[in-house]
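In what follows, a single structure is set out as structure tokens and then discussed.
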2 protein chains.
Amino acid sequence: METAPVVDLETLRRNCANCSLRQLCLPAGIVASDVERLDRVVKRRKPVARGEHLFRVGSGAARIYVAREGSFKTVACSADGEQQVIGFHLPGELIGLDALGHGQHRCDAIALENARVCEVPLEELHHVAAQVPGLQRQLLRVIGRSMGRDQDHLEMMSRRQANDRVMLFLHSLSQRFETLGQDGSAFALPMTREDIGSYLGLVIETVSRSFTKLQDDGVIAVRGRQVRLLQQRQIADAVHGHALH
Amino acid sequence: METAPVVDLETLRRNCANCSLRQLCLPAGIVASDVERLDRVVKRRKPVARGEHLFRVGSGAARIYVAREGSFKTVACSADGEQQVIGFHLPGELIGLDALGHGQHRCDAIALENARVCEVPLEELHHVAAQVPGLQRQLLRVIGRSMGRDQDHLEMMSRRQANDRVMLFLHSLSQRFETLGQDGSAFALPMTREDIGSYLGLVIETVSRSFTKLQDDGVIAVRGRQVRLLQQRQIADAVHGHALH
DNA sequence: CGGCTAGTTGACAAGCGTCAAGAATTGTGG
DNA sequence: CCACAATTCTTGACGCTTGTCAACTAGCCG
């Protein structure tokens, strides 16, 4: 058996240049020869099993991660052990930016399903970015998009009605799935109701009741983690602040 | 009268190298000669009057700003005109990062008092950062700190009790004033109760009641916008999640 | 002095958290 | 492949916090 070709294929498939997410990720808008330079500093990591930590609060942050397959949650922990989900990370989205400010992670990152990540050492990224003009710009762009998702999250939290929060949440997920080229009107939630509740500042019972209410109103169809958005119009209206009664 | 020396003094005072905020801002950790290169691309702007907009939703973002004197709020607007304060910006803190993702501002920035800002054109900043190794790192650091404040905000919003939100808010402000070398235990709020309410997801009446309650409990002393933190210990406990009854 | 905005306080009710029980789904070992 | 356990999720009843509405007070500036 010839193993060499298999290794080559594997390597090729794992290159930034051949990655299906490259348009969303750091290589976007960078010429091929420069992508290769970026590629050399990116480490492809072993799969992360469901429930496994990618990093923990307090650990130093010499690198940032990109979800490659599967999704993650980031969880901030109070001193008393109370936890709060502060972000979900779908493929192509950055993980670990929370440590940029003071060099230590402020949250745990946990895989919601069996997943893979790319690992980018910050020091080497800086080195390449100094030489590749587009990379620095693209880095700020993906960081900016990450901040945009955080702002979306904040806008969910600012809604007083649980139903509105849940609708905004579903809308946001829908958009992100569509960005990934997937169906934004029907998808499987990668997280539990508990995670959703923590993320939205609601208890699990309220999340459950909201799903039921939205289904009764014909806005969505839910069965377990499978969700279908039936009245995207009504959801979009809620997103833009028009009251829904 | 010799006007020339006056101009020189003015210019000197306004340089990054002589700025009292330089340790918190982009020049931190950069050697003098490189600070000068940064300095050349930074534009010192006219004062921004209280209530005046620094930028508006939808406007393109070729630059980022640093509050220099006075503070700002950023306000996200739903389509129906409902507004939500998503951030406060004290001197030394960045404003305008919300446009990094898609090139358009997602919020209005409004001066809370008569203020001044420094204006940094992004394109030229990239140019300098590519040549000054420390600047790129420092840029990510200040962006990271900005994200850290956003995370603090999220943690306020995730508290269920209005009192906890207000205490976390006061604690956060206190820390930020101390970072500026000011007294963190007694300060003047630059924003209205309405702004605080919007920022914390509470109505103005609830904010008012929380202030009164905290004062009755001897945790703080409030008189209008003047606040004094009396039991920092109790506030710190609330921050770390220990219940306060 | 008078008008305006900002802030405070009270009464009431609605929405959500809490507690409790049960149903549905997933995982595991025989 | 089934049975059983462990999660995960749903539903109901009840009470409390907070939003809503309203009236009033305190500052501020012309």
Side-chain angles (χ1 to χ4, degrees), chain A residues 49-51 73 82-85 110 112-114 156-170 188-217 220-227 238 241 243-245, chain B residues 49-51 73 82-85 110 112-114 156-170 188-217 220-227 238 241 243-245:
Chain A
R50 175 171 172 237
K73 64 175 173 183
E82 200 177 342
Q83 297 194 333
Q84 145 88 352
V85 174
I110 301 166
L112 291 171
E113 48 205 322
N114 293 330
M156 296 174 207
M157 294 288 278
S158 77
R159 296 304 176 98
R160 304 237 159 83
Q161 307 296 322
N163 277 356
D164 286 354
R165 293 196 195 171
V166 171
M167 273 196 286
L168 258 68
F169 172 69
L170 292 175
L189 299 168
M191 71 292 283
T192 67
R193 299 285 193 273
E194 182 93 47
D195 289 333
I196 298 173
S198 177
Y199 184 75
L200 293 179
L202 302 169
V203 294
I204 184 174
E205 295 95 326
T206 305
V207 175
S208 188
R209 276 187 258 265
S210 280
F211 275 130
T212 305
K213 176 91 169 48
L214 290 174
Q215 177 157 247
D216 289 350
D217 292 352
I220 64 173
V222 203
R223 188 181 159 72
R225 297 207 181 169
Q226 207 62 40
V227 177
L244 186 76
H245 20 243
Chain B
R50 175 170 172 239
K73 65 176 174 182
E82 199 178 342
Q83 297 194 332
Q84 145 87 351
V85 174
I110 301 166
L112 290 170
E113 46 206 322
N114 294 330
M156 296 174 205
M157 294 287 279
S158 77
R159 296 303 176 100
R160 305 239 158 82
Q161 306 297 321
N163 277 356
D164 286 355
R165 291 196 197 171
V166 172
M167 274 196 286
L168 258 68
F169 172 70
L170 292 175
L189 300 169
M191 70 292 282
T192 67
R193 299 285 193 272
E194 182 94 46
D195 288 333
I196 297 174
S198 177
Y199 183 72
L200 293 178
L202 302 168
V203 294
I204 184 174
E205 295 95 325
T206 305
V207 175
S208 187
R209 275 187 259 264
S210 280
F211 275 129
T212 305
K213 174 92 169 47
L214 290 174
Q215 177 157 249
D216 289 349
D217 292 351
I220 65 174
V222 203
R223 189 178 157 74
R225 298 210 180 168
Q226 206 64 39
V227 178
L244 187 77
H245 20 241

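Values below: all heavy atoms of this structure, side chains included; hydrogens, waters and symmetry mates excluded. A note on names: the letters A, B, ... follow the listed sequences, proteins ahead of strands, and every chain is numbered from 1.
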A/S158: which residues meet the side-chain contact (heavy atoms from CB on, under 4.5 Å) condition with it, sequence neighbours left out? B/Q84, B/M157

What string of B, S and - do you get for nucleotides 9-18 of chain D, 5' to 3', when a contact is any protein heavy atom under 4.0 Å? SBBBB---SS

Partner residues of B/S210 under the side chain to side chain donor-acceptor pair (under 3.5 Å) criterion, sequence neighbours left out: B/N163

At what distance, to the nearest 0.5 angstrom, does CZ of B/R225 lie from CD1 of B/I196? 8.0 Å

Between CG of B/L202 and CZ of B/F169, what distance do you get to the nearest 0.5 Å? 11.0 Å

Between CG of A/D164 and C1' of C/dG15 the distance, given in whole Å, is 12 Å

Atom CZ of B/R50 and atom P of C/dT5 are separated, to the nearest Å, by 12 Å

What distance separates B/M167 CE from B/I220 CD1, expressed to the nearest 0.5 Å? 9.0 Å

Letter per nucleotide, 5' to 3', of nucleotides 24-30 of chain D [B base touched, S only sugar-phosphate touched, - untouched; heavy atoms, 4.0 Å]: ---S---

Determine, for A/D217 against A/K213, whether the closest basic-nitrogen to carboxylate-oxygen distance falls under 4.0 angstrom. yes

Protein-nucleotide distance (A/Q226, atom CD; D/dT8, atom P), rounded to Å: 18 Å

A/I196 atom CD1 is separated from D/dT8 atom C1', nearest whole Å, by 12 Å

So for atom CZ, which belongs to A/R50, do other residues, nucleotides or ligands contribute more than 12 heavy atoms lying within a distance under 6.0 Å? no

Using the test side-chain contact (heavy atoms from CB on, under 4.5 Å), find all partners of A/E194 that sit at least two apart in sequence or belong to another chain. A/T192, A/I204

I'd like to check the side-chain contact (heavy atoms from CB on, under 4.5 Å) partners of B/E205; sequence neighbours left out, ordered by chain and number. B/V203, B/R209

Taking five pairs at each terminus, the helix from C/dC1-D/dG30 to C/dG30-D/dC1 shows an axis bend, to 10°, of 50°

Hits for side-chain contact (heavy atoms from CB on, under 4.5 Å) against A/E113, two or more places apart or cross-chain, chain-then-number order -> A/S71, A/P190

